[in-house]
> 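Before I ask anything, let me first share the structure, which is written out below as structure tokens.
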Amino acid sequence: MSTLILDGCAVATMDGEDSEYRAGREYEVGHIVVTGNVISAVGPGSPPLFAAPPPAGQGGTVRRIDASGCLATPGLINTHHHLYQWGTRGMAADATLFDWLTQLYPVWARMDVGIVQDLATAALAWLARSGCSTTMDHHYVFPRSGGDLLGATVAAARHVGLRFHPTRGSMDLGASSGGLPPDEVVEDRDAILVASKAAIEEFHDPSPHSMLRIGLAPCSPFSVTSGLLTDAARLARDAGVRLHTHLAETAEEDEYCAEHFGCTPVEYLDSLGWLGDDVWLAHGVHLDDAAVARLAASGTGVAHCPSSNGRLGAGICRTHDLLAAGVRVGLGVDGAASSEENSLIGEVRQAALIARSAGGPRAMTVRQALELATMGSARLLGRDQEIGSLEAGKLADIALWRLDTLPHAGIADPVAALVLGARPPLELLLVNGETIVERDQLVTIDERQVTGQARRASAVLAGRR
Ligand SMILES: [Zn+2]
């Protein structure tokens, strides 16, 4: 079995108690030992067992990395994304959510397996470059002749090497029935349920150390019928998989729910039996005090996506109030079409700054911001026993950030340097003990080739080829 030693780095373990969002133990100079795909030791100073080179011929390989000048954190965990949207970045750049969707639905209707695989590979590659070791995906557009698009995203994640939590998304409420999407991009409810069940059976791996777990994710209150929401929840709970949807993203959605259902978005989901600790919601921007309390009481989580909310002018999530109420909050980049930077470490910075802009200087500490993208996100995906912190026995998903170059050298606090400073070079990204990024370069794929494929796929979607 292979052993990897990271020696001499600062370490932010994020192993604190969840109730008070304390970040946990930190070491100014410390070490991490990885054995196989598991962290076997974390602590201050050098690892005592490996102070001398191990004797030759004792089996397995031992690699020791001089990690001085770096900060080790848990690999970041992304809880909301639409990988296919990598191909429609920059479109409808100044639009509101509903205008943006209305412009993009017909473009997304051109997707097929090849396009989605190329775009998902590019999006996953960039996520990895931003320190992300685990990501979800929410794929909800399935053109009739598009083929197995969920399978294409799974293949892309295996190719890049990230831990993957895709959700089988869906839309069954077309414009002719009062929904927002045009009829040609929505599916029949029964077909959605059959495909969702098949996706769980084909891909879901509930075992410990899993690299692939499926969830179900009807898209939003204005693109899905209440019947589908109810049936999808029943199917997910029968199969033991998690539930996800967009909720309370914009004022327009609030108005839509008031007009069509006579209640708020959270009251609507609650009336359908949707809330619970197996559910996490993207955005949660427009929440009144009653909604915050209901999410806390039900254990429902929120994936905070600050850049996307800013890009679409949707509003500012009440992260401080949600955390104070005991709501589980994670972080998401959202699809690249509404968040062109699409960097998970960038989102950590954005979360801290936007919380303070809205709620004052004490609204979110830099360590709370990092917590959102690590243990906070791990809780939303139900993986907090395995990932999200650097502790012996947890999976070896580790980001090693270089903080001794021009933008960061001399910054007093390494966590502040990571969260508030420029995006540092990523010295190393390990996922399940495997090296995915080294010295800011992807080692599992050819980035130049992936870039060319994504450019061509984007041109096809734009109707230029
Ligand atoms: Zn989204």
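Remember, it's 1-based here, ligands and their atoms both numbered in the order they're listed. For this chain, numbers begin at 1 and follow the sequence in order.
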> Have a look at Glu347 and tell me which of Ser308, Ser130, Ser307 forms a side chain to side chain donor-acceptor pair (under 3.5 Å) with it.
Ser307

> Quick one: how many protein N/O/S atoms are under 2.8 Å away from the Zn ion (ligand 1)?
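Every protein N, O or S atom under 2.8 Å from the Zn ion (ligand 1) counted, the figure is 4.
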
> Which is it for Tyr140 and His82 under the ring pair (Phe, Tyr, Trp, His ring centres under 6.0 Å) test, yes or no, and what are the steps along the way?
CA-CA 8 Å; Tyr140 58 84; His82 314 284; 5.2 Å; yes

> Is the CG atom of Asp94 crowded by more than 12 outside heavy atoms at less than 6.0 Å?
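Counting other residues, nucleotides and ligands, CG of Asp94 stays at 12 neighbours or fewer.
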
> Do you know which two heavy atoms are closest between Pro221 and His246, and how far apart they sit?
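The pair with the smallest heavy-atom distance is CD-O, 3.7 Å.
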
> Mind checking the OG-NE2 spacing from Ser220 to His283? Nearest 0.5 Å is all I need.
10.0 Å

> Please state whether the rings of His244 and His80 are parallel, tilted or perpendicular, taking 30° and 60° as the class boundaries.
tilted

